[in-house]
Amino acid sequence: VTGRLATENAARSPKRTSATASALLIGVALVGFITVFAASAKESVSAEVARGFKGNFAVQASGGSFGPPSPFPGRIADEVNEVPGVASAVGLGFARAQFTFPDGSEGGQFLSAIDPSRLERVLEPRMVEGLITDLTDTGIVVDIGEAEDHDLAIGDRITVLFSGGETRDLVIQAISDDENLLGYYTVTRATFTEASPQPGDFMVFGATDPGADLDEVLARVDEVIEEVPTLEVVDRDGFVGSLADQITQFVTIIYVLLALSVIIALIGIGNTLSLSIHERTRELGLLRAVGMNRRQLRASIRWEAVLISVLGTVVGLALSLVLSRSLIQALNSSGLTTFVVPVGSLVVITVLAALLGVLASVRPSRRASRLAILDAIAKG
């Protein structure tokens, strides 16, 4: 009976109920969107690593700061290559550069640097035309997106202005389709070192010899990199985990920001219920007069708050699935290839919304249950 009364009260003023639920709808939609996007991003990262990373360890900057990590000396990759048990280690450089295209247009973009001779046993970038091993010191590899935007083809020349001010005319020798691994433009480490004022790597990927003990190799690599205190060596699982941790940290910050919108929405639900109780004072008094006790009245108010909360939550989650699915499809070319629906997390969000709805109803329900029966009827 209390649940049916709550349902009828919520349906009595559909505009008010919808307006009250809409604030929570927006907050939950954003929370659900971030949750689905984060789960999809983590799964996509794991899939991309499994596809393109053939090695079994990586040297990276420790910690989980956002943005590009600080570069470290390129000799680290050379020293790691000399470690017993390491089959191959390749460093990846990273810098900003200015490009002038054959049609005269210009643009700034990020430039990566690799050593093609060491790449084969460690990384397997996805290529559209040519091979990554075709790259020489006079050439450059261009991502397919950049090639289409600037109408570039193999054999075309690009003028690259490096951060140190040196200019190089480089020939397009291959076209890649692996923005996550190679970035937009890629040159050899030799070219990068000669033209950049402070060349360095931001990551070293490595593979061990067949039969080598991974833990022993990682211990030796750790000794090599101990001179740079910001570096750490991790195995394949640790590398994937560190990428997932960065996504988790970013999502946590977003959650904290969105929590305020959810709290405001719940305050709105409480205010709406309070206004509703004020308008229905006589009705509540009559319900008490015909036998509804205080506990049942409080339960009815709580159920009404839960209905409004769940309404906004369910519609918000449905909207979040549509938005996240659209964004994942739009970013498919950037490596977000997997769409994941974290059912467990979405169920938790729904349950929390219902519980918070109960919390929002505490004050209005207590106020309603304390109304004096005869005074409430007389106020009608």
Any donor-acceptor N or O pair under 3.5 Å, side chains T136, Q173
yes
Listed once per pair and sorted, the salt bridge (charged side-chain N to carboxylate O under 4.0 Å, His left out) pairs that draw on residues 206-226, sequence neighbours left out
E216-R220
Under the salt bridge (Lys or Arg N to Asp or Glu O under 4.0 Å) test, residues paired with E106 that sit two or more places apart:
none
Give me the ring orientation class for F110 and F94: parallel if the planes are under 30° apart, tilted from 30 to 60°, perpendicular past 60°.
parallel
Which atom pair, heavy atoms only, marks the closest approach of G291 to Q296?
O-OE1, 4.0 Å
Do side-chain atoms of S300 reach the backbone of L297 as a donor and acceptor pair under 3.5 angstrom?
no
How far apart are the C-alpha atoms of V36 and V340, what are their side-chain angles, what is the distance that settles it, and do they pass the side-chain contact (heavy atoms from CB on, under 4.5 Å) test?
CA-CA 7 Å; V36 175; V340 177; over 6 Å; no
For R16, look at atom CZ and say whether over 12 heavy atoms of other residues, nucleotides or ligands are found less than 6.0 Å away.
yes
Hydrophobic cluster identity match, V234 and V221, side-chain contacts under 4.5 Å:
no
Hey, are R75 and D78 close enough for a salt bridge, meaning a charged N less than 4.0 Å from a carboxylate O?
no
Could you tell me if S176 and D178 have a donor-acceptor pair between their side chains, going purely by distance under 3.5 Å?
no
Indicate yes or no for a side-chain donor-acceptor contact from S22 to the backbone of L25 under 3.5 Å, with no hydrogens or angles considered.
no
L152 with L170, same ILVMFWY side-chain cluster at under 4.5 Å
yes
Using ring centroids (six-membered ring only for Trp), state whether F57 and F205 fall under 6.0 Å.
no
Within the 3.5 Å criterion, strictly below it, is a donor on T20 or T17 matched to an acceptor on the partner's side chain?
no
Are R126 and E179 close enough for a salt bridge, meaning some N to O gap below 4.0 Å?
no
Check D201, D115, L123 against L92 for a side chain to side chain contact (heavy atoms under 4.5 Å, CB included) and give me the one that passes.
L123
In this structure, would L311 and L355 fall into the same cluster of hydrophobic residues linked by side-chain contacts under 4.5 Å?
yes
Would you check if the side chain of D134 reaches a backbone N or O of A174 as a donor-acceptor pair within less than 3.5 Å?
no
Contacts of E124 that satisfy salt bridge (Lys or Arg N to Asp or Glu O under 4.0 Å) - sequence neighbours left out:
none
Please confirm whether the backbone N or O of A58 pairs with a side-chain atom of R236, one donor and one acceptor, at under 3.5 Å?
no
Do S105 and F99 have side chains that approach each other closer than 4.5 Å (heavy atoms only, starting at C-beta)?
no
Determine yes or no for a side-chain-to-main-chain donor-acceptor pair under 3.5 angstrom, with N81 supplying the side chain and A89 the backbone.
yes
Please check: side-chain N/O of S88 versus main-chain N/O of V122, any donor-acceptor pairing under 3.5 Å?
no
SB check R168 E166 (cutoff 4.0 Å)
yes
With no hydrogens and no angle check, do the side chains of Q109 and Y185 hold a donor and an acceptor under 3.5 Å apart?
no
Within the structure provided, determine whether K54 and R121 are in side-chain contact (heavy-atom separation under 4.5 Å).
no
So, S44 side chain and T338 main chain: donor-acceptor pair closer than 3.5 Å or not?
yes
Within 6.0 Å of CZ in R12, more than 12 heavy atoms from elsewhere:
yes
Do L30 and Y255 have side chains that get closer than 4.5 Å, going by heavy atoms?
no
Is D143 reaching over with its side chain to a backbone N or O of G145, donor-acceptor style, under 3.5 angstrom?
yes
If you take all heavy atoms of S309 and G357, which pair is closest and at what distance?
OG-CA, 3.2 Å
Is there a donor in the side chain of Y184 and an acceptor in the side chain of S112, or the other way round, less than 3.5 Å apart?
no
If you take all heavy atoms of V160 and A97, which pair is closest and at what distance?
CG1-CB, 4.0 Å
